[in-house]
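A quick write-up on the structure given underneath.
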There are 4 protein chains.
Amino acid sequence: LARAEARAGIIPVAAVAAIVAKCRAELFDLAALGEAAAQAGNPAIPMVKALTALVEAEDGEAGRFVHWGATSQDAMDSGLVLQLKAALDGLDFDLRRLADLLAGLALRHRTTVLAGRTWLQQGPPVTFGLKAAGWMSAFDRHRNRLAEIRPRLLVLEFGGAVGTLASLDRSGLETASFLAEELGLGQPDLPWHAHRDRLVEIAATVGLVAGSLGKMARDISLLMQNEIGEAFEPSVPGRGGSSAMPHKRNPVGAAVALAAAARVPGLVSTMFSAMVQEHERGLGNWPAEWETLPEVFRLTGGALDQMILVVQGLEVDGERMAANLEVTRGLIHAAAVSQALANRLGAQRAHRLLEEACRRAIGESRHLRDVLLVDPAVLGLMSVSEIDRLFSPSAGCGLAAELVDRALARRGDGMGE
Amino acid sequence: LARAEARAGIIPVAAVAAIVAKCRAELFDLAALGEAAAQAGNPAIPMVKALTALVEAEDGEAGRFVHWGATSQDAMDSGLVLQLKAALDGLDFDLRRLADLLAGLALRHRTTVLAGRTWLQQGPPVTFGLKAAGWMSAFDRHRNRLAEIRPRLLVLEFGGAVGTLASLDRSGLETASFLAEELGLGQPDLPWHAHRDRLVEIAATVGLVAGSLGKMARDISLLMQNEIGEAFEPSVPGRGGSSAMPHKRNPVGAAVALAAAARVPGLVSTMFSAMVQEHERGLGNWPAEWETLPEVFRLTGGALDQMILVVQGLEVDGERMAANLEVTRGLIHAAAVSQALANRLGAQRAHRLLEEACRRAIGESRHLRDVLLVDPAVLGLMSVSEIDRLFSPSAGCGLAAELVDRALARRGDGMGE
Amino acid sequence: LARAEARAGIIPVAAVAAIVAKCRAELFDLAALGEAAAQAGNPAIPMVKALTALVEAEDGEAGRFVHWGATSQDAMDSGLVLQLKAALDGLDFDLRRLADLLAGLALRHRTTVLAGRTWLQQGPPVTFGLKAAGWMSAFDRHRNRLAEIRPRLLVLEFGGAVGTLASLDRSGLETASFLAEELGLGQPDLPWHAHRDRLVEIAATVGLVAGSLGKMARDISLLMQNEIGEAFEPSVPGRGGSSAMPHKRNPVGAAVALAAAARVPGLVSTMFSAMVQEHERGLGNWPAEWETLPEVFRLTGGALDQMILVVQGLEVDGERMAANLEVTRGLIHAAAVSQALANRLGAQRAHRLLEEACRRAIGESRHLRDVLLVDPAVLGLMSVSEIDRLFSPSAGCGLAAELVDRALARRGDGMGE
Amino acid sequence: LARAEARAGIIPVAAVAAIVAKCRAELFDLAALGEAAAQAGNPAIPMVKALTALVEAEDGEAGRFVHWGATSQDAMDSGLVLQLKAALDGLDFDLRRLADLLAGLALRHRTTVLAGRTWLQQGPPVTFGLKAAGWMSAFDRHRNRLAEIRPRLLVLEFGGAVGTLASLDRSGLETASFLAEELGLGQPDLPWHAHRDRLVEIAATVGLVAGSLGKMARDISLLMQNEIGEAFEPSVPGRGGSSAMPHKRNPVGAAVALAAAARVPGLVSTMFSAMVQEHERGLGNWPAEWETLPEVFRLTGGALDQMILVVQGLEVDGERMAANLEVTRGLIHAAAVSQALANRLGAQRAHRLLEEACRRAIGESRHLRDVLLVDPAVLGLMSVSEIDRLFSPSAGCGLAAELVDRALARRGDGMGE
């Protein structure tokens, strides 16, 4: 600020060096500032007072020009935007890392067949590569969202007490533009003290990341159940143990992500609620953001970190996946058979025929394929080899591999969503 | 779907006309579908059954090919996206209308001075045009956000039971692309049954609109208080009355917007919570979206509608605004005087001098200007005419008019944010 | 109201019959009232107007005394409380039904052993009766909560325009007390137009019910996974099917409960947010309750209904439970062995010994019992029969049965929480 | 735990003293525990390890019996309940203090007339005592709620790994009962690892307190607006100032309360969402409570503290209240006149007559009383002295004083709600 104001001729050039020299975090007593902030109502007031005292101790004249023409919120909001800039860089880096890892996983497992599951029940097969590609694709979308938001979010806040730059006379706009330049921020069309949509937007967008991490964590933790055992978080000494249970291998990364996904929605809703800020500065709703927005980043960033570790070391048990496809004794292929018969019988009659066959298979504890192979109604319509093909897991997962390939190719072209 | 599948050679071309002829809302018994949906677990199952019956009644052969290869969620999600497309068009139209009205208000009142208010207390003056421009600018940003989202959101959902297009053999991708074309939707890289980020994103973005409407409504309703009386919702017969109080002129438009701003954050948080959907289709979290997302649109749309009426007929009382500037007997100009003296005394000493003068003015019920005009410490540093200028409201509102001009100019250039 | 006011001598006794005769829902055009409400800002205004017209048509004199001295919110809030009274009765009935069913289940399965599961991983065994008793106990607590709330919640709202009963002169308090009597409601110490804690409290308490239903639904749906298969929602024709998958048996009751548990938290948070109501009647926050509170009841009531059906017909597969205890090849008993050795070795050394044995068992795909039986360090400390006992599932589930018995006994004594 | 287990004969009495001696917070390196907790997944694991090391260093034998038979969640949940017990005591003390202060305010101002305000518009008068009694009554209800919750909430959690007390053999129930005694807690019917309704209930109930504090803060901050000026937070040096505006006297206490009321609903909703905990210990949802519940207490406690200061030093300006009653030139008495005429004309005709008179008063900028005094239709129905009485503020506020008296009397009788 001092630099920009000196460039604009508002404060003496001579004051700049003295002020800048004291703008170093290590010169301040954070605990004392914290306490004074509780009394003052915001952290900027005691901070400015402390900085002024430091500058004045060296150069009384320069001390006059500390925080010149600015209000607390100018300092706090612009400082926040600078923090967000750094946070977005880190977030993008980690999201890219995660999406790349998932792309690798998708490619490696493009044809590794496992049961598709809807409503927590087995359905027709998919491939694990398709699953991984689905996760990946969401994180790529999040990167695009964050990129779109940057120019809108990373802008200066500078308006003085009520957003009119009243203390800077005619050179206010020029000063604002110099200040934006100094800070590496964009210039908004207007000061935005009481218009918080940019901050709520970024909270919501980071919240989307938390949601996708939670979805992936839920999937992995379900696959990791002892009775399913298809995929596992990496086993790391000192992680995932239990004081009471020496055999335990807990999905601790997933737990962190699920905890974040459970907490972030409430925090995001607070950001939305706090938008209704009165006039030129709201009463109480501005401070409601102070801990809430950082918490959204902290929780999501921690979850992202954990899920990178999880994906990096994920153990996939393709044999168990294949074995689990047999748990229902062929029932999960009923849809495929029904569809194949529909061509000949019409969908409704085919559906009824299969429902009946499924009922018999369950009742008699037989494999659905065996039931169908002795059903004259079926044998009249399809050959044994066709039936066999319909019960082949790899045939059953349709275009899974092609979908993976397309998603990876688009991504390679930079056309991923 | 039938058209696309016929183009891809998956179903007979002859079936298309019969199916299409029955895809008309008025042929269905909505109440019966509603009841069957409660039993079936989703509305698509009875809907498809009813459609199949209608088609079969005319053409038994065609009946076989209704909903061919698709799953309930394909139908429901793609249908939802089509509804969202229409909703976004309407929303954009209304947002533009509101922003244009606010631009007009900003221009008309670029120099209409009123008290700035922070923490619900008067501060230095602003102009009503600057207030209006602040509101306008938020709605322009929302339009930009919605425009950015469109290509990401308005995409087909088509994947069959578990997202592998398994029932369509090799022509699945082609069919999907024809279907997207038929529906005027984009083609996503992957089916997105259980990846709901697009829907949560739109809920959040519409939620931002609700927040900005709430902020504007709060501002207007505060200005409309009897003791302030600076701006009023239009007076319309039959609106804003009270059965018990014949004199009442209630801010009913603002009430609608504030109710929406109160309800939307909770609904948006539900959308975030519901993102953690298991595997290829979540259990319970998908239905959690069904009423929630439309409610976000309904509430925000209604609030937008009301606030357009409010802004359109807003009565602004410039005289009352000017009169209210005198309520504090000059105290609101203390910051300006302090800033002017800071140049000569340093900020801290100037601040203390003014605090003391304010205390005296309050204690003796005198105008701050009068207190300063007899204070030798002040008179030694500034002339009477300078003091007069510092107490002039129009001087006090700094660059308000310039900021309005710049915001309107950027907007005119299509460079508005 | 008319009856109470006539008793208090405020309106003529002659007017009562004419007014009462028209207070019948079927005399009103609900669609027209709905539309007029949107315009008027609340449903009471057009309702009173319509009622007055109906009464006047019969008896012009009586028409004067419709809604005498009351305000819209008096009518709406007291009406709401009457609805809540009925809803609480129904809720308590259903909660009792559910808790009783669960008590039966707990008793029947007090010694049916299955794996305990923490962090979605198998731990030492529990009994299914203990699980059921845990669910039961929560619903009994909810009943107690609702009983405690009744006297606080089920009170009259009657204050006139601003809560002073100004239009009723000296007999206002008496009238209020007659009115409370007529409606079968309690008398609050003060009118509560803008103090909404009672309504938020009931929303939160019903929200607790939704949460417990969601917890039980999550548990059952996890047990119902094909690879686990320990418990199943009842199979009912037309329920839980899939249009695409003829074999599907979806946990549809659980889905309804989980959807409710996903939606209710956001709705409850809206009720909390709306508490900040201005002065004698809030702006916008009162209407924010109108659809929110009924939705909390509707969702929870629906979920409760479904879960009663689920519990009533729940199929429990004790053999599968027993079989799944072997999935980890004895690892789930590691804690018991470790604890038994701790006595002799100290907890830390015992824990390390077992960790090592578990590692070996996993690495060599052997049963943990077999590993221990050939480990001299172990054999020196415990006998084979002791080891056998430690690997017995029924021994491993500790006091599960006693805990069930105690919970059921306390419940029978009316001492259940 | 050691004491209880020794009493039950589970661990040697000799071990107790050595263990107890090390259970002192100052012996632990909190930073190191914090870091280890991040790795271990919960803070109890490293804590138990550190305690064991401390005990073993003194007495190797005793070291074996640290945390005997308990699981992390036993320690953490029971510890949390002990903290809640202390917190509830403090909360009750502060709530009582606040309610008592408000009772004093209600008594002092039982007849201090000010405008009632609905929808942020003036309505008929109330008294400031009635306003204060309304606030008071809510806080008394909150005390009752908290008292009702105590026996349900303040109970031991002790179940071992999966809630079966499996490591304690037959003496488990006895040990649990000794442990509850040692800790001064109640004994629940069952361990409650994964049934979190008690914790959610207390979060919600404390959330109600936050809501009522927010409502009172909103009211006071609105009264404190410069143009209204009817009540003021106490003026304390160093509080409520502004670095930019030397004259500022901000409602800082209200801001704290409003910030709490804005943040708590989202936090409470997280507690509700986290109820859906899987099986015997949830995945991720348990940790979601860890920071959330304390935050609810911290925010509400801070707000309560601030509002006690505000109410203690509240400055009430009765003259300004009286003056503001004239702002509408008598319009706020229109309802009283209308009601008085309704007796003679019927409600509808009286309402129309007054609407017309109000319109004329507004249009001609005259006092409504003056308009009515020259209206022959009115003069035919009521005398001048009756009209005068209807325009008297004290007459207009109905039974406000009686309602205050009754609320205070019931409170004195311990019959306050």
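Each chain gets a letter, A, B and so on, in the order the sequences are listed, and its residues count up from 1.
- A salt bridge is defined here as a Lys NZ or Arg NE, NH1 or NH2 lying under 4.0 Å from an Asp or Glu carboxylate O, and Arg320(A) with Glu227(C) fails to meet this definition.
- Residue Ile228(C) holds its CD1 atom at 9.5 Å from CG of Leu120(A), rounded to the nearest 0.5 Å.
- Note that CH2 of Trp119(A) and CD of Gln225(C) are 15.0 Å apart. Values are rounded to the nearest 0.5 Å.
- In this structure, chain A has heavy atoms under 4.5 Å from both the backbone and the side chain of Ser221(C).
- In this structure, Asn226(A) contributes its side chain and Gln122(C) its backbone to a donor-acceptor pair below 3.5 Å.
- Within 6.0 Å of atom CZ in Arg349(C), 12 or fewer heavy atoms from other residues, nucleotides or ligands are found, so the atom counts as exposed in its surroundings.
- Crowding of Glu364(C) atom CD: a count of heavy atoms from other residues, nucleotides or ligands under 6.0 Å exceeding 12.
- With sequence neighbours excluded, the residues that form a side chain to side chain contact (heavy atoms under 4.5 Å, CB included) with Ala342(C) are Ala347(C), Ala350(C), Trp68(D).
- The side-chain heavy atoms of Leu222(A) and Leu222(C), taken from C-beta on, include a pair separated by under 4.5 Å.
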